[in-house]
Structure formats: C-alpha cells, structure tokens
Amino acid sequence: MHSPTEADACVAELRAALAAHGITLPSLGVDLPTLAARCPVRPLIALGNCNLLTARALTAALREGAA
C-alpha cells in the first residue's frame with residue numbers, strides 16, 4: 001500500500017518539473033478517493049483542467065523532452 005506522503009511527494013515533484021517549464025496546473029493533486037481506498041491500489045494523481053495556453057505549453061515541453 002502506498003502512503004499519503006509518497007503520493008504528496010510525487011505531486012510536489014511533478015509540480016516542480018512543470019514549473020521548470022513555466023507550466024502551472026492549479027488543480028494538480030492527489031485523488032483522495034483512490035488514496036483512501038481499502039484495496040491496495042496506487043493512488044491516482046489528478047492533473048485537473050487547464051486552458052489551451054497551458055495545454056499547448058505542456059505539449060511543447062513533452063515534445064522537447066522527447067527530442
């Protein structure tokens with residue numbers, strides 16, 4: 001089973017990596033229902049919604065990283 005601390009650390013790392021590319025996902029966080037699930041599942045990370053500008057910046061960063 002995964003700990004809340006591990007999930008929070010993952011969110012923090014993702015937030016920092018996105019910020020390094022000037023990208024902010026305001027709704028980024030741990031999906032609480034999966035964190036509280038009784039069965040041993042990995043909690044989901046909720047990326048949330050974003051506007052077109054942010055989606056394009058995220059796409060560009062991913063393409064740049066894949067090159």
Side-chain angles (χ1 to χ4, degrees):
M1 187 169 231
H2 298 272
S3 72
T5 304
E6 183 180 5
D8 287 336
C10 183
V11 168
E13 290 174 25
L14 180 55
R15 184 174 283 123
L18 290 167
H21 291 277
I23 300 169
T24 301
L25 297 176
S27 302
L28 180 64
V30 177
D31 179 68
L32 296 180
T34 59
L35 185 62
R38 290 181 184 247
C39 56
V41 297
R42 292 184 178 138
L44 296 175
I45 303 302
L47 300 177
N49 298 324
C50 67
N51 61 32
L52 290 176
L53 183 62
T54 302
R56 287 184 179 128
L58 183 55
T59 300
L62 290 169
R63 285 184 176 150
E64 180 181 310

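The residues of the chain are indexed from 1 along the displayed sequence.
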From [X] atom [atom1] to [Y] atom [atom2], the distance as rounded to the nearest 0.5 Å:
{"X": "Asn49", "Y": "Leu25", "atom1": "CG", "atom2": "CG", "result": "10.0 Å"}
{"X": "Arg56", "Y": "Ile23", "atom1": "CZ", "atom2": "CD1", "result": "13.5 Å"}
{"X": "Asp8", "Y": "Ile45", "atom1": "CG", "atom2": "CD1", "result": "8.0 Å"}

Looking at every non-hydrogen atom in both residues, tell me the closest pair between [X] and [Y] and how far apart they are.
{"X": "Val11", "Y": "Gly29", "answer": "CG2-C, 3.8 Å"}
{"X": "Ala7", "Y": "Pro43", "answer": "CB-CG, 3.9 Å"}
{"X": "Gly48", "Y": "Ser27", "answer": "CA-CB, 3.6 Å"}

Going by heavy atoms in the side chains, are [X] and [Y] under 4.5 Å from each other?
{"X": "Leu14", "Y": "Leu47", "value": "yes"}
{"X": "Asn51", "Y": "Thr54", "value": "yes"}
{"X": "Leu18", "Y": "Thr24", "value": "no"}

### Message
If we count only N and O atoms by modelled type, under 3.5 Å, do the side chains of Thr34 and Asp31 hold a donor and an acceptor together?
### Response
yes
